[in-house]
Every structure is written in structure tokens, then in C-alpha cells.
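Report on one structure; see the data block that follows.
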Amino acid sequence: MTPVSFKGLSLGSGVPKICVPITGADPNTVIGQAGEAVSSSADIAEWRLDYFNDLEDTAGILSTAKRLVEILGDLPLIITLRDRAEGGKRQIADADYLKLYTQIMVRTEVTAIDVEWRRDPTITEQLISLAHAHQVRTIVSHHEFEQTPTKSEMLDQLTKMAQLKGDVVKLAVMPENNDDVLNLMLATHEASQQISQPIITMAMGSLGAVTRVAGQTFNSVLTFATTSSLSAPGQLTVDETRKILKIIAQ
């Protein structure tokens, strides 16, 4: 696993980094949550664009994205447009997904975009290629909100995501028992020995909470925490997460 720089922040070395979601439905709420992110001890912010009310207002989205970059300053900004099939708030056609992400990468200074692995391969390939051309990082992601695959299946998923040549790979699963949580951690650790990209994984819900703070043990490089609004079940607050990460790293 080779560390990757997100606006000067190293993902893949040292203690796992903390990302806080921005989930506002309108520009004012988004900007307010960005201020909360800056005031927290988070390392990265993620704008969950699927929570935004007006996805047809491209000009408004671009304006808000530019304002976010200004407010966040040194904090890297990930843009995520999560489809309902992946646990998001919207159903988004491939063509619309490609068009909006393209505008964001070409016309703003965002740090990274999240690219869903299960999209049409021609879409993911175009987005990753365009991102590389515009010095935008890519997180290739997949979410299993109904179950946890077997360890071998998760290892295979992480390996196939890495083959798309994005900068980071991400897998989130829903555990039904302790074995699911342990299998995710084992799959992550094994994948980190086999692929070059940094890996982000988590088991969601209260059962998987340990995976959000023990990433340094099994080689998950980023965890998601909240200042106010949850973007996934089982998230801890930024302060709680920071305290636990420090204790584990001692």
C-alpha cells in the first residue's frame, strides 16, 4: 500500500484520518456545516451531494463547491454523489452522474471525487481518466447495505476496484454478526498486502463501530465521523473518534 496525498494530507501513513460529512439540503446549510467541519478536529470534509435538494441547478452546485473550497481552506474536500442503490438519497442516471462530476472537476478546485464501482465501466473509466488529467483524486467505492459478503468475496471486490486505477478504494458493508466484522477486517488487511492503493473499509451500524476506530490495526486509512448529521449508520462524533484513535495509537 502506497500513501496518497490529499491536498498535502497523507492517506495511508500514520493514524487513520477523520472525514466529516456535509449533508445540507441547501447552500446555506452546506456552508454552515462546512464551518462546523473547520471548527472540529476533522482532517477531511465530504460533501454528500445526493442530500442536496436541487441537483439540476449545476450553476448553484458549482458556486457552492467553490465556496466550500474557500471555507475549508487546507481541509481537503471530497465530492460524493451517492446513488440510492448504494445507500444514497437519489437515483442518478449514469449520464447525469458523468455530466455533473465532469463539471465539478473541470470548473472547481475540489480535492477528490467518489466514483461508484458498480457504475457502467465506461463511465467510471472516463471519470477516473478525467480526474487524473485535472489533478483530482478518486475514491473507487462500493457499499453493501443489506449484508456482508464472505471474506474471499470482499477481497475480490477490493482487488477489482483497485484494477480501475483510482487513487483509493473503499468498501462499506452491513454486518449481521461478529464474524462479519472480523471478516471485513481480515479482508482489508490481506488486500493491503496485495494492492498499491490505500484502502478505506468499515462495517456499518453499532455492531461495526470498532471498524471505525481500529483502522490502524487492519490497514483502513480513513474513518467517517460527524459533527451533527449522520451520513451512515454507526458513525461516532469527530471528538469521540479522535480520542479513541489517540488511545489506540499510544
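Counting from 1, the numbers follow the sequence of the chain as shown.
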Close side-chain approach of [X] and [Y], heavy atoms under 4.5 Å:
{"X": "Val238", "Y": "Thr226", "result": "no"}
{"X": "Glu116", "Y": "His142", "result": "no"}
{"X": "Thr138", "Y": "Val168", "result": "no"}
{"X": "Thr80", "Y": "Leu49", "result": "no"}
{"X": "Phe218", "Y": "Leu186", "result": "no"}
{"X": "Ile44", "Y": "Val20", "result": "no"}
{"X": "Ile123", "Y": "Val115", "result": "no"}
{"X": "Ile18", "Y": "Leu222", "result": "no"}

Can you tell me how far [atom2] of [Y] sits from [atom1] of [X], rounded to the nearest 0.5 angstrom?
{"X": "Arg107", "Y": "His134", "atom1": "CZ", "atom2": "NE2", "answer": "12.0 Å"}
{"X": "Ile195", "Y": "Gln163", "atom1": "CD1", "atom2": "CD", "answer": "9.5 Å"}
{"X": "Glu190", "Y": "Ile199", "atom1": "CD", "atom2": "CD1", "answer": "10.5 Å"}
{"X": "Gln157", "Y": "Trp117", "atom1": "CD", "atom2": "CH2", "answer": "5.0 Å"}
{"X": "Asp50", "Y": "Gln91", "atom1": "CG", "atom2": "CD", "answer": "12.5 Å"}
{"X": "Gln216", "Y": "Ile248", "atom1": "CD", "atom2": "CD1", "answer": "8.0 Å"}

Under a 4.5 Å side-chain heavy-atom rule over Ile, Leu, Val, Met, Phe, Trp and Tyr, are [X] and [Y] clustered together?
{"X": "Leu171", "Y": "Met202", "value": "no"}
{"X": "Tyr51", "Y": "Ile92", "value": "no"}
{"X": "Ile71", "Y": "Ile61", "value": "yes"}
{"X": "Leu75", "Y": "Val4", "value": "no"}
{"X": "Leu100", "Y": "Leu98", "value": "yes"}

Would Thr223 and Val213 count as a side chain to side chain contact (heavy atoms under 4.5 Å, CB included) if you check the C-alpha gap in whole Å, the side-chain angles of each, and the deciding distance to 0.1 Å?
CA-CA 7 Å; Thr223 188; Val213 293; 5.8 Å; no

Judged by atom type as modelled, is there a donor-acceptor pair below 3.5 Å linking the side chain of [X] to the main-chain atoms of [Y]?
{"X": "Ser192", "Y": "His189", "answer": "yes"}
{"X": "Arg242", "Y": "Ser41", "answer": "yes"}
{"X": "Ser40", "Y": "Ala37", "answer": "yes"}
{"X": "Tyr97", "Y": "Arg119", "answer": "no"}
{"X": "Lys7", "Y": "Asp74", "answer": "no"}
{"X": "Lys89", "Y": "Arg48", "answer": "no"}
{"X": "Glu86", "Y": "Arg82", "answer": "no"}
{"X": "Asn183", "Y": "Asp179", "answer": "yes"}
{"X": "Glu46", "Y": "Ile78", "answer": "no"}
{"X": "Thr188", "Y": "Ser220", "answer": "no"}

Full working for side chain to side chain contact (heavy atoms under 4.5 Å, CB included) between Ile139 and Asp167
CA-CA 6 Å; Ile139 300 171; Asp167 297 294; over 6 Å; no

Just by distance, with hydrogens left out, do [X] and [Y] show a side-chain donor and acceptor under 3.5 Å apart?
{"X": "Glu153", "Y": "Thr150", "answer": "yes"}
{"X": "Asp239", "Y": "Thr237", "answer": "no"}
{"X": "Lys170", "Y": "His143", "answer": "yes"}
{"X": "Thr29", "Y": "Asp26", "answer": "yes"}

Using every non-hydrogen atom in the two residues, find where [X] and [Y] come nearest and quote the distance to one decimal.
{"X": "Leu72", "Y": "Ala45", "result": "CD1-CB, 3.8 Å"}
{"X": "Phe6", "Y": "Ala112", "result": "CE2-CB, 3.6 Å"}
{"X": "Ala249", "Y": "Val15", "result": "CB-CG2, 3.8 Å"}

One pair to check against side chain to side chain contact (heavy atoms under 4.5 Å, CB included): Gln194 and Leu155. What are the steps and the verdict?
CA-CA 10 Å; Gln194 299 174 24; Leu155 183 58; 4.2 Å; yes

Salt-bridge criterion met for Arg90 and Asp83 (N-O under 4.0 Å):
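No, Arg90 and Asp83 are not salt-bridged.
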
So among Val173, Leu158, Thr211, which one has a side chain to side chain contact (heavy atoms under 4.5 Å, CB included) with Thr201?
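Of the listed residues Val173, Leu158, Thr211, the side chain to side chain contact (heavy atoms under 4.5 Å, CB included) partner of Thr201 is Leu158.
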
Give me the one residue out of Asp180, Val181, Leu207 that meets side chain to side chain contact (heavy atoms under 4.5 Å, CB included) with Thr148.
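Option passing the side chain to side chain contact (heavy atoms under 4.5 Å, CB included) with Thr148: Asp180.
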
Test side-chain hydrogen bond (donor to acceptor under 3.5 Å, both in side chains) applied to Ser141 and Asp114, step by step
CA-CA 7 Å; Ser141 69; Asp114 178 297; 2.7 Å; yes

Carefully, step by step, assess Gln103 and Leu62 under the rule side chain to side chain contact (heavy atoms under 4.5 Å, CB included).
CA-CA 8 Å; Gln103 288 293 309; Leu62 294 175; 4.2 Å; yes

Is Arg212 close enough and on-axis enough to Phe224, meaning under 6.0 Å and within 45°, for cation-pi?
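Judged by the rule, Arg212 and Phe224 form no cation-pi pair.
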
